Amino acid sequence: MNKQFQIHWLEEIVEKIIDRSVVNVTLSTGKTPSGHIHLGILREILICDALRRVLEKKDYNVKNLLFFDSLDAAKRFPAYISEEFQKKHIGKPFALIPCPFDNCQCESYAFHFGNELSNTFPRFGIKLKVLWTHELYKKKDMQEKIKIALENNDLIKNILKKNIFPTIDEKNKEEFVKMQKTWMPAMVICEKCNRIQNKDKNDNIIPNRVQHYYADEEAVSYKCESCGYSGKTSIWSGQLKLNWRIDWPAKWAIFKTICEPAGKDHSVKGGSYDTGLELCQKLYGYEGPVKVSYEWLRLGDYDMKTSKGIVFTPEKYLNMAEPEIYRAIILKTNPNKHIAFRIEELSQYYDYYEKMENIYFGLDKLEVEDENKILKYTYPLTQIKQIPKIKSKTLPLKLLTFLTQIQNIISIDILYKQVIRFMEDNKFEKKISIEEFKELLKKSRNWIDEVNKILERTKDLKIKREISRKIDIFSIPTKINNEVLDKIEDNQILGVRLIREFLENNKNLDASSIQNKIFTIATENLKISPKKLFEAIYLIILGKKNGPRLGPFLTLLDKDWLLKRFNI
RNA sequence: GGGCCAUUAGCGCAGGCAGGUAGCGCAGCAGGCUCUUAACCUGAAGGUCGGGGGUUCAAAUCCCCCAUGGCCCGCCA
């Protein structure tokens with residue numbers, strides 16, 4: 001047998017899905033809309049989206065779902081929500097809390113943040129169907145699952161105990177046993193105050209747990225931990241919610257989920273994925289999904305945690321970089337490894353992407369054949385638009401970074417002309433419009449601003465220098481200081497004067513004639529190496545020995561300014 | 001208490017499951033070029049693969065232990 005070495009990790013999941021022998025494949029993911037949803041969630045969503053593409057190509061009928069867990073209770077709020085608002089709504093399900101922003105007309109807290117995320121999907125090339133848990137719980141399908149859970153409470157408790165017990169220490173074991181005595185698998189939203197849980201003095205969460213299930217009446221009794229109301233409600237009232245560990249398998253069973261990726265919070269030993277699978281089988285008679293666990297995506301050396309003020313949304317990403325690049329980062333990395341997404345390393349991500357592109361279009365080849373295969377496999381999965389027949393040319397990130405940073409001295413129209421010329425020189429099949437160009441500059445600007453923020457909070461000078469190199473093309477000092485002038489030798493100064501004369505006496509100079517003139521002055525008039533003269537000019541303009549190609553650069557600059565600067 | 005991830009050159013990372021001369025990008029160094037939009041070419045340099053043990057003819061890779069950094073799990077979600 002020819003063992004196929006090194007296949008993409010995605011294919012291993014695909015194989016497991018195919019082993020299920022179904023034609024209709026449902027993939028799902030989930031997220032509680034408790035605030036701005038950060039970039040990390042796209043890891044699981046993109047894994048599913050890639051699976052969808054691979055499976056659709058194999059003629060499977062794939063349905064991708066995203067559950068917004070809008071019926072989850074607000075146990076705490078992020079810092080950007082006002083204290084007054086927090087007090088008023090803590091303990092309510094997010095779907096029953098109004099939008100926290102005054103000037104926003106949207107329906108609820110859950111909708112606001114959920115939609116903020118899902119609005120970015122088209123731009124990331126993600127196709128899925130959004131389902132809201134608060135709507136799901138109004139449906140009979142789900143309510144039947146609640147009934148089954150209430151009727152089988154002992155079975156559930158046994159499964160939970162079996163899985164959780166070995167993972168906790170002695171002290172917690174006692175508490176666990178005690179807690180299970182009164183435990184029921186569902187909670188009730190209070191008819192009076194809309195709350196589903198409260199916090200005690202020690203910040204422990206006390207849910208409005210079902211107290212008793214009246215099987216003959218198909219009703220439950222409960223006591224609201226927040227307002228003290230005691231009541232009885234039908235299990236078909238839509239006021240009940242399953243505890244998370246049962247909620248999840250219930251959804252799997254209803255939608256026959258074949259695969260769902262989950263972050264490590266859920267996929268640890270004895271965690272909700274393990275208990276979910278067993279409950280799904282024994283309680284709801286469905287095998288459950290193929291388990292895919294993934295590590296967190298971190299922002300540099302920080303975790304993306306709302307509580308620590310590190311919120312980096314997909315929207316924010318799109319404002320500074322291309323979505324294909326992000327897809328590539330996710331798809332190249334095995335899900336069980338954490339990703340440190342480093343904003344300052346963006347150009348490396350672009351380089352990797354371009355390498356992949358070149359290999360896909362046969363313009364480049366790596367020595368190791370397996371690596372070529374993997375990259376060729378990955379590339380189409382990163383694409384958002386239709387894949388072109390030949391590689392489409394794009395403006396290099398470094399050029400954009402450069403152009404962005406000279407915007408303060410050179411008008412956008414002139415820059416655009418330069419870019420058009422660049423595209424002509426490099427035989428671009430399609431030139432971008434000025435609007436598109438402005439868009440690119442805006443992204444680049446945002447990126448540079450973000451890197452500058454990182455620079456501000458970096459204390460280590462060595463690291464600071466490393467980072468600043470990545471964006472710091474150059475700056476034009478307003479004055480040339482004497483220290484710099486002292487470095488320039490007499491014959492170099494003479495050369496600069498000759499250039500100045502040339503610029504003064506000739507109008508409408510083009511880049512190459514300036515370039516050539518510098519060269520001839522150096523070799524013929526001064527008999528020095530052109531390099532020396534180039535260096536002198538760079539020193540006078542930029543204060544350092546090198547810089548952008550001089551001919552085009554000088555034509556960009558204001559002539560009067562140049563003549564003044566060269567007057568030495 | 002139970003798990004997961006990371007540790008490889010100055011910086012960022014790949015390789016590890018399937019053991020066989022340690023790789024990529026950037027930075028740095030030296031040189032070239034009518035030369036570079038910091039985007040080109042060439043060359044050299046840089047690593048006891050976190051530490052220790054084991055298995056093996058052979059370990060960055062497999063097994064065990066430890067260290068450091070980070071995260072997750074027990075109620076709730």
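Nothing here was measured: the structure is a model prediction, and the numbers come from that model.
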If you look at every strand shown and take non-hydrogen atoms under 4.0 Å, does [X] touch a base, only sugar-phosphate, or nothing?
{"X": "A:Asn243", "result": "sugar-phosphate"}
{"X": "A:Leu399", "result": "base"}
{"X": "A:Ala340", "result": "sugar-phosphate"}
{"X": "A:Asp351", "result": "sugar-phosphate"}
{"X": "A:Trp248", "result": "nothing"}
{"X": "A:Glu295", "result": "base"}
{"X": "A:Glu345", "result": "sugar-phosphate"}

Salt-bridge test for A:Lys31 and A:Glu44: reply yes if a basic N is under 4.0 Å from a carboxylate O, no otherwise.
-> no
No-H, no-angle donor-acceptor pair, A:Lys264 side chain to B:C71 base, under 3.5 Å = yes
Do A:Asn172 and B:G1 share a donor-acceptor pair, side chain to base, under 3.5 Å?
-> no
Indicate whether the side chain of A:Thr32 and that of A:Asp72 have a donor and an acceptor atom separated by less than 3.5 Å.
-> yes
Just checking, any donor-acceptor pair under 3.5 angstrom between side chains of A:Tyr377 and A:Glu11?
-> yes
Look at the side-chain N and O atoms of [X] and state whether any lies under 4.0 Å from the OP1 or OP2 oxygen of [N].
{"X": "A:Arg209", "N": "B:C76", "value": "yes"}
{"X": "A:Lys173", "N": "B:G1", "value": "no"}
{"X": "A:Trp244", "N": "B:G74", "value": "no"}
{"X": "A:Lys337", "N": "B:G15", "value": "yes"}

Which nucleotide in the list [options] gets nearest to the side chain of [X]?
{"X": "A:Arg342", "options": "B:C13, B:A77, B:G25", "value": "B:C13"}
{"X": "A:Asp169", "options": "B:C71, B:A77, B:G74", "value": "B:G74"}
{"X": "A:Met187", "options": "B:C73, B:C76, B:C24", "value": "B:C76"}

What's the gap between [N] and [M] when it is taken at their [atom1] atoms, as a whole Å value?
{"N": "B:C62", "M": "B:G19", "atom1": "C1'", "result": "8 Å"}
{"N": "B:C65", "M": "B:A9", "atom1": "P", "result": "26 Å"}
{"N": "B:C40", "M": "B:G46", "atom1": "P", "result": "25 Å"}
{"N": "B:C76", "M": "B:C5", "atom1": "C1'", "result": "25 Å"}

Would you call the rings of A:Tyr379 and A:Tyr353 parallel, tilted or perpendicular, where under 30° means parallel and over 60° means perpendicular?
-> tilted
Would you find a donor on one side and an acceptor on the other, under 3.5 Å apart, between the side chain of A:Ser70 and the backbone of A:His134?
-> yes
Check whether any side-chain N or O of A:Ser226 sits under 3.5 Å from a backbone N or O of A:Gln197 as a donor-acceptor pair, and report yes or no.
-> yes
According to the Watson-Crick and G-U wobble definition with distances under 3.5 Å, which dot-bracket string, read 5' to 3', encodes RNA chain B, using [ ] for crossing pairs and | for pairs with another strand?
-> (((((((..((((......[..))))..((((.......))))......(((((..]....))))))))))))....
Mapping A:Leu242 and A:Leu403 onto RNA chain B by nearest heavy atom, which one lands closer to the 5' end?
-> A:Leu403
Checking A:Lys173 against A:Phe165: charged group under 6.0 Å from the ring centre and within 45 degrees of the axis?
-> yes
Partners of A:Lys291 by side chain to side chain donor-acceptor pair (under 3.5 Å), sequence neighbours excluded?
-> A:Asp274
